[in-house]
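Note sheet for the following structure.
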Amino acid sequence: MKVIIVGGVAGGATAAARLRRLDEQAEIVVFERSGYISYANCGLPYYIGGVIEDPKALTLQTPESFFSRFRVDMRVRHEVTAIHPERKTVSVKNLVTGEAFEESYDKLLLSPGAKPTQPRLPGVGMEKVFTLRTVEDTFRIKDYINTHHPRSAILAGGGFIGLELAENLRELGMEVTIVQRPRQLMNPFDPDMAAFIHSELRRHGITLALGSTVDAFRERDGSVDVLLKDEDPLHADMVVLAIGVTPDTALAREAGLELGLKGSIVVNDRMETSIPDIYAVGDAVQVKHYVTGQDAVISLAGPANRQGRIVADNICGGNSQYPGSQGSSVIKVFDLTAAATGVNETNAKKAGLDADAVILSPMSHAGYYPGGKVMTMKVVFEKETYRLLGAQIVGYEGVDKRIDVLATAIHAGLTAIQLKDLDLVYAPPYSSAKDPVNMAGFMAENLAKGVVKQWRMEDLPTLPRDGSITLLDVRTPQEYGGGHIEGFRLIPVDELRERLGELERGKPVYVICQSGLRSYIACRILAGYGFDAYNFAGGFRYYGTVVSDRRLVERATACGMDQ
């Protein structure tokens, strides 16, 4: 059996290694148009920033090492230019010698990945306008920085690569601006959770130009003008396009394979394309979202690796299925860690799901043990059934640990309420006796049983201010004096029982505290005395971050620049 793989990196290289482990006699040929067959794509920004110092560390395998261990014929700088399904061959061009030839196959795997989205704007392609996808791109940016010592950079786009590169360029001492049309960074997060990411970036001197549309790039005085629609231009020494990625599927289109979202390759759960004996994996394919069941294109290394393994199993006579992509991801943003899994509340509602969420601000470990830090968690579930749909966490220590637990719970089909029953490890340096994941389950159970009712950030503008409801802040006078929502009166929770006479019976009471815990206690006290009480989801700390971010973005939109 002869297997040809188009593209290395995550999916292709994984498939090649798995194929060899399953079939020692198979002939396996990998064509990779770049000079690297397996490299740490996610580490590229950190090499630019100097965190990873040795460029060899980016290369996970070389053609020589891969052949030595797996006897796989790895041909770098070879581009497959056409697929001929009718005769089961591919056309190949040697990019070094210019030689063109055809290679036959019994099975063909396409792992072309995705290419940086390149808007058709004047100035794209200029020397000082870069994209970041390959090792070669990385070296080009690194060499430019080392040679020209730019003092400023504009990044067009605020996804994973954009944020990681922004941090690394900032750590090099550069003035960095992120500009993009959407009014929030990081689409996997809801706007309220993205506000914490925005805050961290601003705290480290990153300028955010959100809600701005790039019209063109123009060289001026040895630097670059970024022309914006209806706004003054931005100016920097270099620009990196990080708008997103597009499935690299020109080969598949020309070969007649069925295409789907964004031009991605349609595959079934065995990763088979619409043409027999041709498989596809990675950033180029359309998959089912594990939570919604809808078609999706999810560009992450983990799914690509798993898909490569599945293809190898099936080529060798197995019957492995890909269950869908859940979109679990994590990113370092300076001192902050932000992670997400499943669908956020915004996308859940767009998918037609009746979604709700609990928002909490637990400590990373036991409060009495030194060094604990607050994280903000948002756990999204389906109303009525309480089926887990997704989760987002922004914080410092322990964020990745909790998101992995929640990702596993979603995959296992647990409800939000069942999170309370998970038997998770506890020692003071690592967690609390009631882990934050358990706490989310307790909160969901309280909602399901009617122990507490909650009100959300989006309810605030519609709360009547005509005296028909009571607005109550149960924090300390010092906290209240440091900032509060207009119209909310102060009665600290520890004084509430003695001051119930100050509240008018028969009126609903909307309660807020700093994190949501004291206001929950206040709601239980009020309920015990016959009041109809509602607890604010997230607390004033959460409210303050979200409102501050909204004001900054609105001010930036009005002024043409986010200060």
Side-chain angles (χ1 to χ4, degrees), residues 45 114-126 128-133 152-167 169 175-202 206-218 224-236 238-247 261-263 283 296-299 327 329 331 333 338 340 343-347 349-350 392 546 548-563:
K115 56 188 178 183
T117 302
Q118 292 244 23
R120 295 184 177 179
L121 298 175
V124 169
M126 288 170 44
K128 297 178 179 64
V129 177
F130 301 88
T131 58
L132 179 57
R133 178 201 183 196
S152 58
I154 293 173
L155 308 182
F160 288 95
I161 290 293
L163 264 63
E164 289 168 346
L165 189 56
E167 175 182 342
L169 295 180
E175 295 295 323
V176 179
T177 298
I178 299 175
V179 56
Q180 68 170 27
R181 185 183 304 169
R183 292 163 64 91
Q184 75 158 80
L185 306 174
M186 296 297 293
N187 286 333
F189 295 82
D190 284 312
D192 54 351
M193 297 299 287
F196 291 87
I197 300 173
H198 297 173
S199 177
E200 180 73 0
L201 290 165
R202 293 187 185 104
I206 303 290
T207 300
L208 304 182
L210 305 179
S212 299
T213 301
V214 176
D215 272 349
F217 305 99
R218 182 179 62 198
V224 183
D225 277 337
V226 179
L227 307 183
L228 305 179
K229 183 177 180 180
D230 301 325
E231 297 181 43
D232 293 336
L234 302 175
H235 189 71
M238 62 181 293
V239 172
V240 181
L241 298 179
I243 297 171
V245 293
T246 303
L261 295 174
K262 300 180 182 178
D283 295 354
V297 177
I298 297 177
S299 300
S329 59
I331 186 171
V333 185
V343 289
N344 60 32
E345 188 175 15
T346 304
N347 290 333
K349 290 178 177 177
K350 286 180 180 178
Q392 302 150 64
V546 176
S548 175
D549 179 64
R550 287 179 181 174
R551 288 172 179 166
L552 284 168
V553 173
E554 288 168 1
R555 187 184 309 159
T557 303
C559 300
M561 177 54 62
D562 186 352
Q563 301 300 323

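Here the NE2 atom belonging to H198 is positioned 12.5 Å from the CD1 atom belonging to I206, to the nearest 0.5 angstrom. Atoms CG and CZ, from L165 and F130 in turn, are 11.0 Å apart once rounded to the nearest 0.5 Å. Of the inter-residue distances, the one linking N347 atom CG with D190 atom CG reads 7.5 Å to the nearest 0.5 angstrom. Annotation: the span from H235 atom NE2 to L227 atom CG amounts to 11.5 Å, rounded to 0.5 Å. Note that the CD1 atom of I178 and the CG atom of L169 stand 10.0 Å from one another [nearest 0.5 Å]. To the nearest 0.5 Å, the span separating OG on S212 from CG on L234 amounts to 7.0 Å.
Judged as a side-chain contact (heavy atoms from CB on, under 4.5 Å), and not counting sequence neighbours, the contacts of K262 are P247. In this structure K115 satisfies the salt bridge (Lys or Arg N to Asp or Glu O under 4.0 Å) test with no other residue, sequence neighbours excluded. Scored by the salt bridge (Lys or Arg N to Asp or Glu O under 4.0 Å) test, D192 finds K378 as partners (sequence neighbours excluded). Remark: D225 pairs with R218, R220 by the salt bridge (Lys or Arg N to Asp or Glu O under 4.0 Å) rule, at least two apart or across chains. Take E200 and apply the salt bridge (Lys or Arg N to Asp or Glu O under 4.0 Å) test, not counting sequence neighbours, and it matches R203. Partners of S329 according to the side chain to side chain donor-acceptor pair (under 3.5 Å) rule, which considers only residues two or more places apart in sequence or in another chain, do not exist here.
The shortest side-chain heavy-atom distance between F217 and V226 falls under the 4.5 Å cut-off. Residues D549 and R202 meet the side-chain proximity criterion, which asks for heavy atoms closer than 4.5 Å. For the pair M186 and L163, the minimum side-chain heavy-atom distance is below 4.5 Å. In this structure the side chain of I243 never reaches within 4.5 angstrom of the side chain of Q180, judged on heavy atoms. Residues L155 and I161 are not in side-chain contact: their nearest non-hydrogen atoms beyond the backbone lie 4.5 Å or more apart. Using a 4.5 Å cut-off on side-chain heavy atoms (C-beta onward), L201 and L185 make contact. The shortest side-chain heavy-atom distance between L228 and D215 does not fall under the 4.5 Å cut-off.
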Intermediate values then yes/no, side-chain contact (heavy atoms from CB on, under 4.5 Å), K128 and V239: CA-CA 6 Å; K128 297 178 179 64; V239 172; over 6 Å; no

Worked verdict on V179 versus I154 for side-chain contact (heavy atoms from CB on, under 4.5 Å): CA-CA 7 Å; V179 56; I154 293 173; 3.6 Å; yes

Worked verdict on M126 versus V224 for side-chain contact (heavy atoms from CB on, under 4.5 Å): CA-CA 9 Å; M126 288 170 44; V224 183; 4.2 Å; yes

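The local environment of NZ in K349 is crowded, with over 12 non-hydrogen atoms from other residues, nucleotides or ligands closer than 6.0 Å.
Closest heavy-atom contact between A236 and S152: CA-OG, 3.3 Å.
Side-chain atoms of N344 and Q392 include no donor-acceptor pair closer than 3.5 Å.
Counting only distance, with no hydrogens or angles, the side chain of Q184 and the backbone of F189 share a donor-acceptor pair below 3.5 Å.
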